[in-house]
2 protein chains.
Amino acid sequence: MKNPGDIPTQIKDRELVDQRRMQIVDAAVGLFVDKGFHRTTTREIAAAAGISIGLLYEYVTSKEDVLYLVCEAIHKEVEKGVSEALQSKTQGYQKLAEIIREYFLVCHRMSDHILLIYQETRTLSSPWRRRVLENELRITEIFVKALEELVKSNQISNLSPRMINLIAHNIAVLGHMWTFRRWSLSHQYSIEEYTKLQTEFILAKFKAG
Amino acid sequence: MKNPGDIPTQIKDRELVDQRRMQIVDAAVGLFVDKGFHRTTTREIAAAAGISIGLLYEYVTSKEDVLYLVCEAIHKEVEKGVSEALQSKTQGYQKLAEIIREYFLVCHRMSDHILLIYQETRTLSSPWRRRVLENELRITEIFVKALEELVKSNQISNLSPRMINLIAHNIAVLGHMWTFRRWSLSHQYSIEEYTKLQTEFILAKFKAG
DNA sequence: ATTATCTATAGATCTATAGATAATGC
DNA sequence: ATTATCTATAGATCTATAGATAATGC
């Protein structure tokens, strides 16, 4: 697995590169969330990161690179949140419910960021875009694993692997749905109720078979 | 309900306005889908519509207006597709399944367009954005109605109105999911299989209660 | 001496409009 | 005479880089 290190730079000090890029990403996330990618200028990014425009271009080769770094950082954060829930010692339905709950809470916390990914992934050129989609798929895989475990534990009706896979995608997307339908959903539900109802909805298929 | 007629114009001939704007929208949709809103120039839109840049600005006041007209046209098309399915004479589960099927097929046909709305809604200024979201909600309402009918027909377990409402949102979003996860889903499922599995998944909640 | 950083700006681009011209209808 | 349309461009803006300067480490 290649890393953000793929973006070329003239700067020799590896650690400095990491540190500065983190600075840049932190500054850019805020601006992108606020004004969108296209309405944010590279000068603004540099200013918010506390460096000059010239220096910015020592650490990235284009504005697009900044967007890629931002997307990468967001996905890493989401994945971290979900992975933690995987450690839980509970079993069966309970465990799946916990994972969903943790995931939905991450979506809630990172609402603006997830929205940003939906809006700007297409802006990335093909190789970067592919990586962002791989990240998305990796998160979906976590749900596949959790569902398979549940099926193996035999407490539940048998479901085809194709159905399992689809439900994993559904879980991923129903978490995102909270972010991109927030304008409507948040007036009707708290994140708690939303999570409860959706969990019920998702588990129904397991109980019914 | 106000109409696209809210966008001011100096042109007196009402019909001409409608016709030219249709021309502009048709041209713009293709370009936006292809290159995105921000990478499309007003000159390109004018050229694709077969009019001069000067004339373009007689029919819209800004590039953003064009985007709004495009979003409006897309939603109208989606709504038309779903409304047709509502006329069906079947009853109960069967009817819901038909509506879902018709809706998913519309999403399939208009994949690029729906994606465009996800990506560019935020670009719109607040009043236009609000209208686009209202359109989205109107489509969701169609599903609410269909679900309520099903519940009233008494063949099924009782579900709270809050759950009904949420499931309506889920149906809307699971149709969209086919468009924004196409890069993965279309490798694994045909739209037919996708529709079949998702319908099964959604209906499970009704059978289980 | 080498590496990191900054200032200043070239060069490209794009939206929106002013002013001129062509088409239409009385 | 009025309405629709076109040409030409003002004015604003933005990315990316060249060349100069400051900081660092031997």
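Values reported hereafter were calculated over all heavy atoms of this structure, with side chains retained and with hydrogens, waters and symmetry mates removed. Note on naming: letters A, B, ... go to the chains in the order of the sequence lines (proteins, then strands), and numbering restarts at 1 for each one.
Nucleic acid contact for A:R39: none, since no nucleic acid atom lies under 4.0 Å from a heavy atom of the residue. Within the 4.0 angstrom heavy-atom criterion, no nucleotide atom of any strand lies near B:L56. Nucleic acid contact for B:S62: sugar-phosphate only, since backbone atoms but no base atoms lie under 4.0 Å from a heavy atom of the residue.
Between B:R43 and A:T40, it is B:R43 whose nearest contact on DNA chain D lies nearer the 5' terminus.
OP1 or OP2 of C:dT15 lies within a sub-4.0 Å distance of a side-chain N or O belonging to B:T42. Listed pair B:Y59 / D:dT5 meets the phosphate criterion, a side-chain N or O lying under 4.0 Å from OP1 or OP2. Applying the 4.0 Å criterion to OP1 and OP2 of C:dA16, one finds that B:Y57 has a side-chain N or O inside that range.
When rounded to the nearest whole Å, the span between NE2 of B:H38 and P of D:dC14 equals 13 Å. Rounding to whole angstrom units, CD of residue B:Q10 and P of C:dT17 are separated by 11 Å. As rounded to whole Å, 11 Å separates atom C1' of C:dA18 from atom CD of B:E58. Rounded to an integer number of Å, the gap from CG of A:L55 to P of C:dT3 is 16 Å. Atom P of nucleotide C:dC14 and atom CD1 of B:I45 are separated by 12 Å, given to the nearest angstrom. Across the protein-nucleic acid pair, A:I53 atom CD1 and D:dC14 atom P stand 11 Å apart, rounded to whole Å. One atom, CD of B:E64, and another, C1' of C:dC14, lie 16 Å apart when rounded to the nearest Å. Here the P atom of nucleotide D:dC6 and the CD1 atom of B:I51 are 7 Å apart, to the nearest Å.
Here the side chain of A:S52 is nearest to one of D:dC14, C:dT15, C:dT7, namely C:dT7. With D:dA16, D:dT5, C:dA4 as the choices, the nucleotide that has an atom nearest any side-chain atom of A:I11 turns out to be C:dA4.
Here the rule is side chain to side chain contact (heavy atoms under 4.5 Å, CB included) with A:S184, and of B:E136, B:E134, B:H169 only B:H169 fits it.
When Watson-Crick and G-U wobble pairs are counted only if both distances are under 3.5 Å, D:dA20 pairs with C:dT5.
Both the sub-6.0 Å distance and the 45° axial angle are satisfied by A:K63 relative to the ring of A:F37.
Residues A:D65 and A:Y59 bring no donor and acceptor atom of their side chains to less than 3.5 Å of each other.
Rounding to the nearest 0.5 Å places OG1 of A:T121 at 14.0 Å from CZ of A:R130.
The aromatic rings of A:F180 and B:Y118 stand perpendicular to each other, their planes meeting at an angle above 60°, with 30° marking the opposite boundary.
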